[in-house]
Amino acid sequence: MEPENELIAQRREKLEALRARGVEPFGRAFQTLGSIAEVRHAFKEGESLRAAGRITAHRDMGKSHFVDVRDATGRIQAYFHEKEVGAEAMEIFNLLDLGDFIGVEGVCFLTKTGEPTLKVRKFEVLAKSLRPPPEKWHGLQDVEARYRQRYVDLVANEQSRETFQKRIAIVREIRRFLEDRGFAEVETPILQTVAGGAAAAPFSTHHKALGLDLYLRIAPELYLKRLLVGGFTKVFELNRNFRNEGISRKHNPEFTMLEVYWAYADFEKMADLIEELICNVAEKICGSLEIEHRDVDGEMVRTINLKRPWRRARYVDLVREVAGKDWFNISSEQRRARASGELKLEILPQLADFEVTQHVFEKLVEEKTFDPLFVTHCPKELVPLAKQNAADSSLVDVYELIINGVEMSPGYTELNDPDVQRQRLLEQAGEETQKIDEDFLLALEHGMPPAGGFGLGIDRLAMLFTGAESIRDVILFPLLKPKRD
RNA sequence: GCACCGUUAGCUCAAUUGGCAGAGCAAGUGACUCUUAAUCACUGGGUUAUAGGUUCAAGUCCUAUACGGUGCACCA
């Protein structure tokens, strides 16, 4: 138990003082008209309304008191005066603090400055806050505290509330968009016996009753494809993936991914679909296809232009643009020398040739591209679940959509030949053949229709639309090490 | 895993070359019947993240630890 500070002790004294007066400081249900936003909407001079929320400001004028009552949807001013509530209730009022929840019933009126206000007739204490809130003007600035105690961040910081409201709206609009086009939302296993569909390290767990080692999924892809085998033609899943990898500004161990599969389509049709989807969401969320990112001082950092059509370019052409026209004609040694010399990249000796090129691509194309860019016809080694290109089997029919300097969405023409799929997975797995999902290959042998599919990183999309610099700013409770004293 | 930076009152921030740890908000008391970051007066509040070290003297220098931030590595 931490030593109690003066402010907490005072609040506990008030808590007991309330009880001594027969007032339960942790109240019960309180009928209101609705959220504070709804109360403000219903505001009409002379009408009596009921609202509930947290006290976030108190302006004491002696006999008159003005109090801000707030919830996640907004703020409304309440006016307290002994003449309206009586002397006994004012004694209760004096035992309230910033942060306490109250329910009020009062008459709508406009102050002389025009502020919509409830003239309180009756009020109830709904919950006492035993901890003082952060500074009212600057809010909670400490980054660590904002992540660990998101509830305090949400109470104190308008910007944080806006960010998460936007994220909620993004997810809602994506679901609506896909539902409108006949895609069915499905749920596939998060606990998997083989963690397939991507190459990341999984989290391990264990089922006691079955004595079975399991993994948290790193991707839903292989199960969604089983549904194509089963006859579904338009499906999506929007849920959490888990990857046991490093944490960064762009990576959280659990993150939200949308995956969409469409039978008889291909990667180009999927590119059209994601373009339409993201533009649709942008219009709804930001009201514009020009997304402005600003720093903490409100200075413009960049504008991202989502106006269609989005640029589509081949992987090799993009690499040539940054690494030289002759990049693919020179020797492996020359490429490594150029990458670590002229291009100033760190190239580890154990990298395979295609990984050296991929490194150049990631550092010099991906991280520097902010407006949407579809990168097409990637080398097949990078994407073992996509169909090879008919004209050049060293390439796959895919796009990688880059926006805001990150990989936002991969889209494939899905590989549906079970024998080729087995071969590609074996090449990928190397020694670790136990990682092959045999049941998935069995499903493909039953016949999977040609199909297009895409993934969409929801956290990264939320970063795009909110201008957040870190993925932790768009995840309500990002993973942190537990704090110990 | 590696490197650099940060951690001062409940919160937001100061503290010069190593020389008495300060302010605003919040809190307490008092004044004020329309305030909007209300205003005015007074008061209380600190083991400077933790553990050591150097020094006459450490928030400041050194070592270690914890947590966080950023970058690198990892992540088809």
Decide yes or no on side chain to side chain donor-acceptor pair (under 3.5 Å) for A:Tyr261 and A:Glu237, but give the supporting numbers first. CA-CA 9 Å; A:Tyr261 290 86; A:Glu237 181 159 14; over 6 Å; no

Can you tell me how far [atom1] in [N] sits from the matching atom in [M], rounded to whole Å?
N      : M      : atom1 : answer
B:rC20 : B:rU33 : C1'   : 46 Å
B:rA23 : B:rC4  : C1'   : 31 Å
B:rU50 : B:rA66 : P     : 16 Å
B:rU7  : B:rA49 : C1'   : 6 Å
B:rA15 : B:rG24 : C1'   : 15 Å
B:rG46 : B:rA21 : C1'   : 8 Å
B:rG44 : B:rC61 : P     : 32 Å
B:rA51 : B:rU60 : P     : 13 Å

What does [X] touch in the nucleic acid at a heavy-atom separation under 4.0 angstrom: a base, only the sugar-phosphate, or nothing?
X        : value
A:Lys119 : nothing
A:Gln141 : sugar-phosphate
A:Arg146 : nothing

From B:rU12, B:rU70, B:rU33, nucleotide with atom closest to A:His138 side chain: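 The listed nucleotide nearest to A:His138's side chain is B:rU12.
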
Residue A:Tyr79, side-chain heavy atoms: nucleotide from B:rG10, B:rU33, B:rU35 that is nearest: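 Minimum distance to the A:Tyr79 side chain belongs to B:rU33.
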
How long is the line joining [atom1] of [X] and [atom2] of [N], in whole Å?
X        : N      : atom1 : atom2 : answer
A:Arg12  : B:rG10 : CZ    : P     : 16 Å
A:Glu84  : B:rC34 : CD    : C1'   : 13 Å
A:Leu140 : B:rC11 : CG    : P     : 8 Å
A:Lys112 : B:rC34 : NZ    : C1'   : 5 Å
A:Ile76  : B:rU36 : CD1   : P     : 18 Å
A:Arg75  : B:rU36 : CZ    : P     : 12 Å
A:Gln149 : B:rG10 : CD    : P     : 13 Å

Do A:Arg226 and A:Tyr223 meet the cation-pi criteria used here (NZ or CZ under 6.0 Å from the six-membered ring centre, within 45° of the axis)?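 Cation-pi check for A:Arg226 and A:Tyr223: passes.
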
Quick one: do A:Glu221 and A:Lys225 make a salt bridge, cutoff under 4.0 Å?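 Looking at A:Glu221 and A:Lys225, the cut-off is met.
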
Secondary structure of RNA chain B in dot-bracket form (Watson-Crick or G-U wobble, distances below 3.5 Å, | marking inter-strand pairs): (((((((..((((.....[..)))).(((((.......))))).....(((((..]....))))))))))))....

Which pairs pass ring-ring contact (aromatic ring centres under 6.0 Å, His included) with one or both residues in residues 461-481 of chain A, sequence neighbours excluded?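 As it turns out, there is no ring-ring contact (aromatic ring centres under 6.0 Å, His included) pair with a partner in residues 461-481 of chain A once direct neighbours are skipped.
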
Give me, pair by pair, the N or O atoms of the protein and of nucleotides 44-51 of chain B that are less than 3.5 Å apart, along with how far apart they are.
residue, atom, partner, partner atom, Å
B:rG44, N2, A:Glu6, OE1, 3.3
B:rG45, O4', A:Glu6, OE1, 3.4

Please determine if a side-chain N or O atom of [X] lies less than 4.0 Å away from the OP1 or OP2 oxygen of [N].
X        : N      : result
A:Lys250 : B:rU70 : no
A:Arg59  : B:rA38 : yes
A:Arg11  : B:rG10 : no
A:Lys136 : B:rA26 : yes

Hey, what do you get for CE (A:Met408) to CD1 (A:Ile458), rounding to the nearest 0.5 Å?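 Going from the CE atom of A:Met408 to the CD1 atom of A:Ile458 covers 9.5 Å.
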
Rounded distance (nearest 0.5 Å) linking atom CD of A:Glu427 with atom CD of A:Glu381: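 It comes to 8.0 Å.
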
All pairs passing side-chain hydrogen bond (donor to acceptor under 3.5 Å, both in side chains) where residues 55-66 of chain A contributes a residue, at least two apart: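 Of all non-adjacent pairs touching residues 55-66 of chain A, those that pass side-chain hydrogen bond (donor to acceptor under 3.5 Å, both in side chains) are A:His58-A:His65, A:Arg59-A:Asp68, A:Arg59-A:Gln77, A:Ser64-A:Tyr79.
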
Sequence neighbours left out, what pairs pass side-chain hydrogen bond (donor to acceptor under 3.5 Å, both in side chains) with at least one residue falling in residues 42-52 of chain A?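 The answer is A:Arg50-A:Glu105.
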
With side-chain contact (heavy atoms from CB on, under 4.5 Å) as the test, pick out the partner of A:Arg217 among A:Thr188, A:Leu222, A:Leu191.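 Testing each of A:Thr188, A:Leu222, A:Leu191 against A:Arg217, the sole residue satisfying side-chain contact (heavy atoms from CB on, under 4.5 Å) is A:Thr188.
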
Heteroatom pairs (N/O) under 3.5 angstrom, protein to nucleotides 4-9 of chain B:
none

Between the protein and nucleotides 29-31 of chain B, list the N/O to N/O atom pairs that are separated by less than 3.5 angstrom.
none

Spell out, as yes or no, whether a donor-acceptor pair under 3.5 Å connects the side chain of [X] to the backbone of [Y].
X        : Y        : result
A:Asp97  : A:Pro132 : no
A:Arg335 : A:Trp327 : yes
A:His359 : A:Glu346 : yes

What residues, two or more places apart in sequence or in another chain, satisfy ring pair (Phe, Tyr, Trp, His ring centres under 6.0 Å) together with A:Phe267?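 Once residues adjacent in sequence are excluded, the partners of A:Phe267 under the ring pair (Phe, Tyr, Trp, His ring centres under 6.0 Å) criterion are A:His377.
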
Does the side chain of A:Leu425 reach to within under 4.5 Å of the side chain of A:Leu441, using non-hydrogen atoms?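 Answer yes - side chains close enough.
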
Checking A:Glu84 now: which residues fulfil salt bridge (Lys or Arg N to Asp or Glu O under 4.0 Å) with it, not counting sequence neighbours?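 Not a single residue meets the salt bridge (Lys or Arg N to Asp or Glu O under 4.0 Å) criterion with A:Glu84.
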
Contacts of type salt bridge (Lys or Arg N to Asp or Glu O under 4.0 Å), residue A:Asp417, not counting sequence neighbours: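 By the salt bridge (Lys or Arg N to Asp or Glu O under 4.0 Å) rule, A:Asp417 matches no residue at all.
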
Could you encode protein contacts along nucleotides 71-76 of chain B as a string, one character per nucleotide from 5' to 3', using B for base contact, S for sugar-phosphate-only contact and - for no contact, with a heavy-atom cut-off of under 4.0 Å? SSSBBB

Ignoring hydrogens and angles, are the base of B:rU36 and the side chain of A:Thr113 linked by a donor-acceptor pair under 3.5 Å?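 Under the 3.5 Å cut-off, the side chain and the base do form a donor-acceptor pair.
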
At less than 3.5 Å, do the side-chain atoms of A:Gln77 and the base atoms of B:rU35 form a donor-acceptor pair?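 Yes, the side chain and the base share a sub-3.5 Å donor-acceptor pair.
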
Of A:His58 and A:Asn94, the one whose closest RNA chain B nucleotide lies more 5':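 On the 5' side of the pair lies A:Asn94.
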
If you pin A:Ala57 and A:Thr111 to their nearest nucleotides in RNA chain B, which one's is more 5'?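 It is A:Thr111, whose closest nucleotide lies nearer the 5' terminus.
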
Run the side-chain hydrogen bond (donor to acceptor under 3.5 Å, both in side chains) test against A:Glu144 and tell me which residues pass, sequence neighbours left out.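 Result, side-chain hydrogen bond (donor to acceptor under 3.5 Å, both in side chains) vs A:Glu144: A:Arg148, A:Lys483.
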
Take A:Ser332 and A:Asp353 through the test side chain to side chain donor-acceptor pair (under 3.5 Å) and record every step on the way to the result. CA-CA 7 Å; A:Ser332 169; A:Asp353 263 8; 2.7 Å; yes

